[in-house]
Amino acid sequence: MATVIPFLILFPLVMACLMFVIRNNRVRGVAAYLGSVIVMIGVGVLVVQWFLAGAKPVELFIETEVADHVILASEIVLMVVVTCLCFKYKKYWISLLSIVPTLLIAYLELFGPEMEPTYHIYLDHLSILMCLIVGIIGGLIVIYAVGYMHGYAHHHSEFQDRRYYFFMLLFGFLGAMFGFVTSSSLLWIDLFWEVTSIISFLLIGYTKSSEAITNSFRALWMNLLGGTALAIAIAYYAYEAGTVTLQQLVFEGSVGSNIALLPVVLIAFAALTKSAQLPFSTWLLGAMVAPTPSSALLHSATMVKAGIYVLFRLAPALSGRTSGLMVAFVGGFTFLAASIMAIAQTDAKKVLAMSTIANLGLMVACAGVGTAETIWAGIFLMIFHAISKSMLFQDVGATENTLHTRDLEAFHGLIYRLPFLAMVQFIGIAGMFLAPFGMLISKWAALRASVDERNILLVFFIIFGSAITSLYWTKWMAKLLEQSRAPKVKDITKLNEKISLGIHAVMMIGVCLLFPLLSSSYVDPLLREMFGNAEQVLPTATLVVLIVIILIVFAVPAVSMAFGENTRTNIKPNYMNGINDGTDYGFISSYGEVQHMHVSNYYFAHVIGQRKLMLPSQILSTVVIIGMICVILGGVL
Amino acid sequence: MARIMRFASTMLANLFKPPVTTKYPAEPIDFPEGSRGHIEIEIDKCISCSLCALNCPAGAIKVDRVKGTWEINRMDCVQCGYCTIKCPKKCLHMMPGYTEPEKEKKFDLFQRDPAVMEAERKKKAEAAAKAAAAKKSLAAKKAAEAAAKAAESPAAAKSEPTKAEQKPADQA
Amino acid sequence: MKFDTARLIWIIGYLVLAPFIGGLLEGFDRKISARMQRRVGPPILQPFYDVQKLFNKQTIAVRKTQFSFLIAYMVLMIFTGAMFFGGVDLLMCFFVLSTAATFLIFAASVTNSPYSAIGAQREMIQMMTYEPAVLMTAVGFYLIRGTFDVDRIARAGSSAIVVLPGFFFAFVFILTIKMRKSPFDEAGSHHPHQELVKGITTEMGAKNLAVYTITEWYENVFLLGVVGLFIVNRNPLSYIGAIVVILLVYFLEILIDNASARVRWQTMLKMTWGVTLLTAGVNLMMLMLIYR
Amino acid sequence: MGKVKRSPWLLHYDGSSCNGCDIEVLATLTPVYDAERLGVENTGDPMQADILLITGGINEQNAPVVKQLYDQMPRPKVVVAVGICACTGGIFKDCYNIRGGVDTTIPVDIYVPGCAARPQSIIDGIIKARDLFQKRSDEHDEYEKTHHGGAGEEKING
Amino acid sequence: MARKTVVPFGPQHPVLPEPIHIDLVMEDEKVLEAVPNIGFIHRGLEGLADKRDFNELLYVVERTCGICSFGHGNGYVQAVEKIMDVEIPDRAKFLRTIWAEIARMHSHLLWLGLQADQFGFESLFYEIWRIREKVLDLLELTTGGRLIFSVNKIGGVIKDIGDDKMKAILTNMSSIEKDMRVVQKTFMGDYSVQSRTKGIGVLTKDQIHELGAVGPVARASGISRDMRKLGYDGYGMIDFEPITSVFGDCFARIDVRLREVFQSIDIIRQAIDKIPQGELSVNVKGNPNGEALVRIEQPRGEAIYYVHSNGTKFIDRYRNRTPTFANLPALCEMLKGANYADVGMMVVTIDPCISCTER
Amino acid sequence: MAEVIEAANEIVEVDRDRLLETAILMKHQGRRLVQAQTTWYKKSETYECLYTFTDDDTYDTTTYKVILTKDQSVPSITSIYPYANFYESEMTELYGVKIEMIDGDYHDKLYRIKAVHPFGPEEGEK
Ligand code: SF4
Ligand code: SF4
Ligand code: SF4
Ligand code: SF4
Ligand code: SF4
Ligand code: SF4
Ligand code: SF4
Ligand code: SF4
């Protein structure tokens with residue numbers, strides 16, 4: 001393990017450089033395939049090794065003199081890069097958000113108190129899970145990206161083709177992510193944190209259009225703000241406690257030590273920015289201008305989960321405290337508000353983004369409550385969300401390449417026009433909210449846990465939020481199924497994209513089927529690790545029922561469709577008040593012409609659109625956050 | 001002020017009142033006097049003058065002067081009653097009771113008594129002969145007028161009503 | 001999960017009897033409505049005649065897939081009921097219920113018909129409207145009984161309605177939506193002469209409509225079963241009480257149906273969420289204080 | 001083979017009537033005449049209807065509408081022409097825009113005369129129509145039996 | 001990509017028995033634009049003036065519409081009488097008034113029922129139509145026809161109402177009045193009804209004026225205009241004031257029509273009280289020659305009858321402009337920005353009668 | 001005794017050039033357009049177009065009559081009374097009057113009849 005982890009961190013960096021160097025698209029593509037396969041194998045090896053070692057928490061790298069220096073140097077390099085870019089685009093004040101924390105960390109490292117030597121890498125169930133998500137989904141997305149970016153460069157000739165740069169960032173990101181989830185030292189975490197923020201920033205600005213640049217700087221300052229909070233927390237904690245180990249912090253927090261109070265709040269705050277919780281949700285929406293693979297990878301499947309990961313880690317320290325309440329409130333509220341706003345979105349990617357924010361909110365809320373039950377729910381939310389969102393993003397990207405639009409209304413009757421992509425979308429959406437799939441079970445558990453915790457606000461948030469969630473998903477699915485006259489389009493999705501999508505779909509269904517196994521053999525130990533003891537969350541009876549539902553949901557339409565083929569059915573035209581144009585697709589309008597029939601979904605953009613609701617929700621959540629922090633500070637100081 | 005379910009008390013009260021539904025078709029309809037249902041003809045009074053047919057706004061009546069028939073298309077008559085006003089002999093009557101729904105269009109044909117018609121024709125012929133004979137004389141003209149007047153009224157009075165025949169609809 | 005015979009009997013009872021009970025209830029509904037309107041009304045068995053007629057008609061459809069979705073809707077609906085009467089997790093029942101409803105929406109959406117599609121959109125809004133109250137009901141039971149299991153809830157010492165009056169009210173309130181009764185009959189437009197023609201069922205004819213109707217019967221029996229769950233307890237006598245309450249509730253629904261106009265869906269949404277928060281929400285808050 | 005006559009569902013279309021017959025059709029459903037006694041339901045949706053009740057004659061613009069509504073109804077079905085206008089064109093048959101009665105466009109099974117047709121008369125018409133409906137249903141069953149198991153779909157029938 | 005849906009409304013639509021077609025351009029459920037199309041019921045009956053003499057034409061005119069059949073006949077004979085300079089007997093005038101008001105009650109009750117049915121209040125609809133049957137019974141009793149009476153003729157009327165029938169009318173009026181009070185309470189006081197009608201389809205006084213709307217639609221917006229005040233038939237001898245409301249929404253229109261039902265009852269009572277004995281008609285000789293334009297107040301508002309004749313028995317031109325034709329622009333204006341759920345309400349609220357609109 | 005409103009009701013001939021002017025005057029006086037119609041008189045071979053305006057307070061009504069030959073056209077008053085478009089569309093579709101610049105014209109698709117100008121000088125099938 002001691003070799004695999006550095007390999008996982010460094011190999012992608014090497015790949016990144018390689019990507020930058022290779023300017024031949026074909027060669028780079030092959031290299032990218034190889035790289036991602038190797039990353040996946042690496043993760044596999046890590047997991048196997050860890051299991052062979054007994055699947056127990058592992059602590060590594062006590063002495064890391066050299067690495068620490070490298071880390072410090074990298075931080076400063078990053079600072080310089082960010083500052084230069086800020087000056088180039090005349091966003092001077094943002095550079096402060098980079099300079100201040102970096103200098104703070106540098107000062108801490110060079111002149112700060114002597115810290116007792118501890119491990120820097122920590123591997124437990126949670127980190128392994130994160131590694132798996134990053135490795136497998138990340139690898140698949142890279143494979144997908146090779147095909148996707150080909151089409152993208154072709155369609156968007158108005159932008160400079162900088163694929164080498166794009167792949168460099170993707171691989172760089174993978175390395176940083178591995179570093180992030182395995183590190184235990186807060187200093188290391190801080191660096192990787194900053195790296196992911198900046199890569200995200202660069203990817204958002206990939207097209208260099210003015211919109212992209214505005215959005216990327218918005219993402220940058222919000223993430224850097226979180227980074228600043230993180231740096232302050234580290235410095236404070238280092239001075240107060242003389243250590244910068246996350247595990248130590250969590251332990252102290254969970255026993256209620258006063259020293260840990262402030263750092264925990266600040267780190268939680270940082271996590272909220274990273275997970276795009278209100279009031280910081282806008283950056284994630286803006287991030288949708290980036291090419292789809294980066295949306296899939298960074299902005300839904302992995303990077304935003306870094307915040308969740310940190311919160312899960314902090315959960316024992318949050319549970320039952322004001323800080324936990326704050327986090328739970330912000331999460332729950334984000335879940336509700338983002339769900340409402342998702343209804344009004346017509347852009348498929350924006351719907352996905354809103355739903356991502358909403359689901360992250362739910363996970364944040366789970367972490368905020370911080371009991372074994374909610375973490376169980378949160379973990380499953382994370383797994384299902386990662387798979388299905390990555391799948392949906394990729395699918396929407398591929399659909400966009402074929403249809404040249406990602407307006408939901410253009411997805412009318414997609415199931416007849418692009419059967420494969422529509423089917424995958426269908427599975428992905430079903431995974432997000434339909435009964436047998438995991439998201440729903442997680443909601444079930446989250447609801448139960450919040451009742452157990454007597455957190456009435458959260459109960460309301462979940463109940464109303466999930467009611468609303470079903471609206472926009474059902475709407476989308478219905479749109480796919482609607483009958484359409486539009487001609488069948490040629491599916492230009494590349495094989496590699498299809499492979500990635502197919503594996504995702506199989507994973508989705510697989511995880512559903514293996515759900516009970518996963519729960520008992522992996523998540524329960526994880527919870528035991530975190531909370532000492534944890535009983536089984538899901539009763540067996542419910543599990544059995546679940547399996548039956550899965551069978552029904554898949555079998556019945558298939559069987560009845562097979563039967564349907566053999567019955568003689570009279571096909572009648574639609575009901576249109578008796579004035580069809582002779583087909584299902586149009587009618588004679590008032591002016592005596594044929595009017596094409598296209599039934600649009602409901603969006604209510606003027607009532608509950610982002611424009612209307614975003615500002616009030618931001619204000620409300622800001623007030624809550626500031627208020628709660630004041631209360632906590634009042635307790636500390 | 002607005003109240004929820006304002007109508008509920010009426011509904012509950014209605015529950016204990018008998019329904020107002022008529023029993024039709026189990027019980028016959030009670031038409032009020034003067035109800036406009038269908039046209040009946042006293043065929044023996046008819047003089048085949050065709051005034052009804054000419055004035056019927058729906059064109060439902062056919063009168064054949066030669067055959068002495070009076071025919072009504074039941075599915076054309078709008079029960080306006082104008083023919084009853086126009087008929088000089090007042091032999092058309094608007095009666096209660098509607099024409100039954102049918103699978104075919106329904107025509108009712110009435111035949112005047114041939115004997116009466118014969119008599120009438122004879123009289124007419126006589127009158128015409130007389131008229132022709134006295135064409136140039138003023139007195140003869142007056143006499144012819146008197147004869148024609150006489151021909152109208154007693155002709156129908158004596159004859160038996162002819163049985164109505166149903167003419168099968170032709171729907172080619 | 002222990003599969004004792006009692007559960008099996010309940011399940012089989014539901015599978016076999018529900019359509020008859022549902023159909024009969026609808027027959028009574030139509031008869032009582034007619035009498036309220038001072039009409040004679042159709043025979044009690046009219047709903048069965050109608051379904052029989054529908055099965056005897058030529059198979060028609062706008063799209064063949066519609067039938068598949070309707071069958072899925074029916075099977076899931078029946079399964080929901082079977083789960084409920086089989087005594088498993090109540091919250092799961094409700095989740096499956098909404099999955100079933102989703103299939104209904106698909107069945108309506110596969111056509112290109114404006115009315116059917118608008119009906120489907122409205123159905124989604126309806127789902128969104130009643131879902132909180134439904135989930136709330138499950139939460140209420142969980143709070144006082146510590147379990148979602150219908151079986152265990154039904155074997156409690158006292159009737160749940162004693163401590164859950166607010167939840168009961170909220171559930172009866174949304175029953176109007178689920179049963180497609182007048183003030184909230186948004187998606188279906190059960191009585192014709194309204195803007196939606198037949199709403200979600202516009203494109204269903206003959207067998208499709210028959211399947212839909214039978215499924216509605218299953219659904220109604222399930223929903224009334226949930227109403228009964230508020231009443232029943234360990235005492236067998238309570239089952240008689242439950243039947244009485246169910247009939248009362250059903251009568252109340254008929255009365256509401258007949259004594260109110262069909263409101264706009266915006267009004268429905270506001271009213272229902274308001275009522276849910278005010279009754280079930282307040283009830284929940286109080287319970288949380290008590291059951292610390 | 002069921003007793004389908006107990007559940008005749010109506011579709012009412014106003015061809016070009018003067019409203020007189022329309023409102024009588026409606027009155028037939030209201031408390032005093034209450035056609036629902038006979039199992040009648042006024043659906044407003046051709047897919048669900050068994051009996052097509054047309055009031056008023058056919059003009060240039062509504063002829064295709066009537067034809068289409070008729071086509072959309074599943075077999076077995078019965079057409080009832082209510083009112084003089086629907087039977088023959090009545091008082092308006094000389095109007096330049098009137099083709100004549102309903103039978104100029106689709107086959108009519110029952111003619112209900114009257115201007116306006118009385119509710120009782122319409123009830124008579126419905127009773128006649130549902131007997132016919134039963135007869136056609138039996139024939140339809142025979143047809144289904146003899147043509148059983150055929151795969152594929154019939155095209156929109158004319 | 002378009003988020004707009006164009007929904008066809010009519011010709012076969014259950015909301016309205018009559019065929020009218022409107023293209024509704026909608027976003028979500030909000031109507032952005034409404035384009036009407038008429039002609040499904042156009043017969044061209046004005047052209048029959050060439051084929052039916054001026055007496056026969058009366059029966060055609062009465063069948064312009066089965067709801068205000070009496071009004072059409074009345075307007076037409078008034079126009080011809082005006083050309084021929086005929087003054088009809090007072091008894092005939094009062095009889096025409098009584099029939100016109102009973103017909104107005106039947107029409108308003110019909111409309112109230114449809115309106116209730118439109119917002120899904122089926123029981124109220126049935127209740128009103130149950131009451132309406134009493135009115136129809138009266139009509140059949142006095143004229144012989146339930147909807148189309150054919151009692152007018154040029155120069156007077158052809159039927160009398162005997163004293164016993166007058167009494168029957170009075171007793172029936174009392175029972176109708178009692179039943180209608182319950183209906184009025186429900187319409188005016190029920191929450192669900194108000195939630196559907198208040199503030200829906202508002203037209204201000206100025207808008208009404210700009211759009212040329214007539215009848216209860218105009219009166220509900222505060223325009224006190226009622227052609228009966230011109231004193232045709234027996235109205236010159238009867239006390240009444242036009243009924244108005246100020247809100248101009250669907251609720252106000254229901255209110256106005258409800259109160260007009262009671263007003264009709266009142267007018268009928270006054271007329272029965274004041275009716276003189278005398279002849280039913282005067283003898284009219286010759287053919288009309290000249291032109292005249294007559295305005296009368298039908299249940300749906302002001303209707304115009306124009307007759308141009310040339311001294312033969314076939315008149316040159318018969319024309320009527322019916323209230324719905326004048327109210328259609330108001331409907332289109334109302335529909336813009338409306339909620340789809342309210343489209344039916346709005347279509348019904350002008351009490352549309354397409355049959356006479358398209359003739 | 002109830003008061004009866006004595007209102008004027010007259011028919012006045014007006015030259016077709018002065019139609020718009022008259023309409024503007026009517027609008028100025030706050031009058032409402034009651035109806036517009038036309039007739040083709042075979043005998044005199046002329047169209048007679050009638051425009052009726054009424055005052056809603058006094059009930060005074062004036063009908064202006066414009067006489068046209070078959071080929072003469074008349075300006076549309078839709079710019080002054082927008083809702084006249086139904087009347088004018090009807091006039092063109094059924095009678096074949098030439099009306100210039102109708103705002104919101106249905107272009108002979110208002111009634112969608114098969115006949116061409118059935119009441120006009122030359123009839124025919126489409
Ligand atoms: S639609 Fe796509 S492929 Fe076609 S030109 Fe535009 S960008 Fe290129
Ligand atoms: S299809 Fe459109 S969005 Fe997709 S890559 Fe091409 S241009 Fe861009
Ligand atoms: S009642 Fe009228 S329609 Fe019937 S035959 Fe007499 S005149 Fe003709
Ligand atoms: S008008 Fe009278 S007499 Fe003359 S043909 Fe007709 S029914 Fe006979
Ligand atoms: S034929 Fe003439 S009378 Fe008959 S419905 Fe048509 S328009 Fe009306
Ligand atoms: S038959 Fe008479 S009442 Fe019926 S539509 Fe024709 S004219 Fe009107
Ligand atoms: S369908 Fe309804 S709205 Fe239409 S006429 Fe019949 S009752 Fe009236
Ligand atoms: S407006 Fe016309 S169609 Fe309607 S009732 Fe009056 S006259 Fe009849």
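Chain A is the first sequence line, chain B the second, and so forth, proteins listed ahead of strands; every chain is numbered from 1.
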Notebook entry, point to check: Where does D:L132 contact chain B at under 4.5 Å (heavy atoms): side chain, backbone, both or neither?
Noted result: side chain
Next item on the list: Search all heavy atoms of B:P25 against all heavy atoms of D:I123 and return the closest pair with its distance.
Entry: CD-CG2, 4.4 Å
Check: Nearest 0.5 Å, what's the SG-CD1 distance between B:C80 and D:I84?
Finding: 11.0 Å
Notebook entry, point to check: Non-hydrogen atoms of chain B under 4.5 Å away: do they reach the side chain of D:D124, the backbone, both or neither?
Noted result: both
Next item on the list: Kindly check if the number of other-residue, nucleotide or ligand heavy atoms within 6.0 Å of NZ (B:K90) is above 12?
Entry: yes
Next item on the list: Go through the atoms of B:C77 and report whether side chain, backbone, both or neither lie under 4.5 Å from a heavy atom of chain D.
Entry: backbone
Next item on the list: Would you confirm whether D:K128, through its side chain, and B:P101, through its main-chain N or O, come within 3.5 Å as a donor-acceptor pair?
Entry: yes
Next item on the list: Pick one of side chain, backbone, both or neither for B:P19, based on which atoms fall under 4.5 Å of a heavy atom in chain D.
Entry: neither
Check: Going through the checks in order, is the side chain to side chain contact (heavy atoms under 4.5 Å, CB included) test met by B:K103 and D:Y111?
Finding: CA-CA 6 Å; B:K103 289 187 188 170; D:Y111 297 90; 6.0 Å; no
Item checked: Most contacts with chain B, counted as non-hydrogen pairs under 4.5 angstrom, among D:P119, D:A117, D:P113 -> D:P113
Next item on the list: Decide yes or no for B:T21 and D:Y33: does some side-chain heavy atom of the first lie under 4.5 Å from some side-chain heavy atom of the second?
Entry: no
Check: So which of D:P31, D:G114, D:S121, D:G125 has the largest heavy-atom pair count under 4.5 angstrom toward chain B?
Finding: D:S121
Item checked: Among D:D109, D:I110, D:V32, D:I127, residue most engaged with chain B (heavy-atom pairs, under 4.5 Å) -> D:V32
Next item on the list: Please determine, among B:E100, B:K23, B:R74, the option with the most heavy-atom pairs under 4.5 Å with chain D.
Entry: B:E100
Check: For B:S35 and D:R118, what are the C-alpha separation, side-chain angles and deciding distance, and is it a side chain to side chain contact (heavy atoms under 4.5 Å, CB included)?
Finding: CA-CA 11 Å; B:S35 162; D:R118 296 180 66 93; 3.9 Å; yes
Notebook entry, point to check: Which value, rounded to the nearest 0.5 Å, describes the distance between B:M75 atom CE and D:C85 atom SG?
Noted result: 13.5 Å
Check: So do the side chains of D:K93 and B:D76 get within less than 4.5 Å of each other, counting heavy atoms only?
Finding: yes
Check: Is the backbone N or O of D:C115 less than 3.5 Å from a side-chain atom of B:Q79, with the two atoms forming a donor-acceptor pair by type?
Finding: yes
